[in-house]
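This is a predicted model, so every value here is computed, not measured. Convention: sequence-line order gives letters A, B, ...; per-chain numbering from 1.
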Number of protein chains: 2
Amino acid sequence: MPKQVDHEERRRAIAEAVLTLLATRGAEGASLRTVAAEAGVSMGAVQHYFKAKEEMILFALEYGNENLAARMRQRMAAHPDTPPRDLYRYFFTQLLPLDEESRRGARVWMAFLSRAAIDPAAQRLAAEAYTNLTAFVRARLADVGVPAESLDLASHHLVAVLEGLRYPLLLGARTPEETLAVLDAQLASLSIPDDR
Amino acid sequence: MPKQVDHEERRRAIAEAVLTLLATRGAEGASLRTVAAEAGVSMGAVQHYFKAKEEMILFALEYGNENLAARMRQRMAAHPDTPPRDLYRYFFTQLLPLDEESRRGARVWMAFLSRAAIDPAAQRLAAEAYTNLTAFVRARLADVGVPAESLDLASHHLVAVLEGLRYPLLLGARTPEETLAVLDAQLASLSIPDDR
DNA sequence: CGTTTTACAATGCACTTGCATGGTAACAAG
DNA sequence: CTTGTTACCATGCAAGTGCATTGTAAAACG
């Protein structure tokens, strides 16, 4: 066997380039050539690791999702001593495009959605991402004592608010203050027991 | 002067074709040629009415927004005898992709958003559309007696919920029942006086 | 050593893209 | 009838697209 290369590592590096291009230049901006240039490799390399463009895009989107989820878990784990009550608002604000990193994520997610509206494979991926996010939010709400019988509705409701706050904020139709006010109102409406 | 043609009418007809293509084949599916074919005219005709593709797309998006707003107003006006209390939930459900027409609208709006993330002109248009929608929702909430001091927050909150319910429903990650349950929960949380 | 498999690189191809150009047909104004 | 303006249509073009093909260098294996 020839040159030993970490296959998956290379694919992830290319996926990073795809995500950057999706965020900065949109879906049309991610061609085989621009991706290769962004990743600093030749077009042949990209073709070597992905047999078709569709596979490349889908891999990048999936990678982006897993990566986001991993970073979230990592951040939650980085504060093991902080009680859930103090942590969960921080977690939810991380899902809003308030800094450059999450702005990029929101842009990628928009490109993802617009593709999912057309491409069934992307649609399945996006639906799965929604399911995972909802499950995660549900677990956070359970952490802070939202009663079991309202967990379904509360998590659906909160995910909708988070999703709906994202785009107006990203486009500048809302200020961060207005956005956070709505988030706080939503969190306040949850039936959280205030035991110390 | 030559053949008398309703200039604006032709542009709107082409805009309809653009919206159809955006909804069915996404942003990449709306090329000058496909638009011409969808509208049943030659490519030269499209070029005659729009000097550049960007102008065509932006016009179509603007037209789509105005059209949606007009249809909404028309539907509200079609029931002049119904009290606001009974009308406003109907109005809000119309903004969710529950039937084919509003599903098309939601798909167009997604294409709009993904373009707005890249193109500043589209961004301005989209931000304006959010502002208009929020103002309209605010007026509806005022109609049903939401107190003045909570109108800002309530309208922002409700718009976020509507926006956030749209995409998971469109992608099949939520059922219509789950979606409407969240909407009803949001409406129930408003401080509406229940006079008689 | 030689062979084989992997990891690219370079180029070519058919196709689509937005746009420019040149022409033509129709109709109103003089 | 002539002229001028409008409303197209047909075609051409450079650039970009995804993908196939071919070539090459390197390293593990016999």
- Whole angstrom is fine here: how far is it from CG in A/Leu32 over to C1' in C/dA10? 15 Å
- Message: Quick check on DNA chain D: between B/Arg33 and A/Lys51, whose nearest nucleotide comes earlier from the 5' end?
- Response: B/Arg33
- D/dC19 P sits how many Å from A/Phe50 CZ, rounded? 13 Å
- Presence of B/Arg10 side-chain N/O under 4.0 Å of D/dC8 phosphate oxygens OP1/OP2: yes
- Would you mind checking if A/Arg115 and B/Glu28 are paired as a salt bridge, meaning a charged N to carboxylate O distance below 4.0 Å? no
- Message: Please report the distance, rounded to the nearest Å, between CE in A/Met56 and C1' in D/dT17.
- Response: 12 Å
- Message: Quick check on DNA chain C: between B/Glu28 and A/His7, whose nearest nucleotide comes earlier from the 5' end?
- Response: A/His7
- Query: B/Phe59 ring centre to B/Arg11 NZ or CZ under 6.0 Å, with the angle to the axis within 45°?
  - Reply: yes
- Query: Salt bridge or not for B/Arg103 and B/Glu100, using N-O below 4.0 Å?
  - Reply: yes
- Item | Rounded interatomic separation in angstrom, taking OH from A/Tyr49 and C1' from C/dC8 | 8 Å
- Within this structure, what is the CE-to-P distance between B/Met43 and C/dT16, rounded to whole angstrom? 13 Å
- Is B/Ser31 near enough to C/dT17 that one of its side-chain N or O atoms lies under 4.0 angstrom from OP1 or OP2? yes
- Atom CD of A/Gln47 and atom P of C/dC8 are separated, to the nearest Å, by 13 Å
- Task: Quick one: sort the B/His157 and A/His157 rings into parallel, tilted or perpendicular, breaks at 30° and 60°.
- Result: tilted
- Task: Considering just the side-chain nitrogens and oxygens of B/His48, establish if one lies under 4.0 Å of OP1 or OP2 belonging to D/dA7.
- Result: yes
- Message: Distance check needed: D/dT17 P versus A/Glu54 CD, whole Å only.
- Response: 18 Å
- Using atom CG of A/Asp6 as one end and atom P of D/dA27 as the other, report the distance to the nearest whole Å. 17 Å
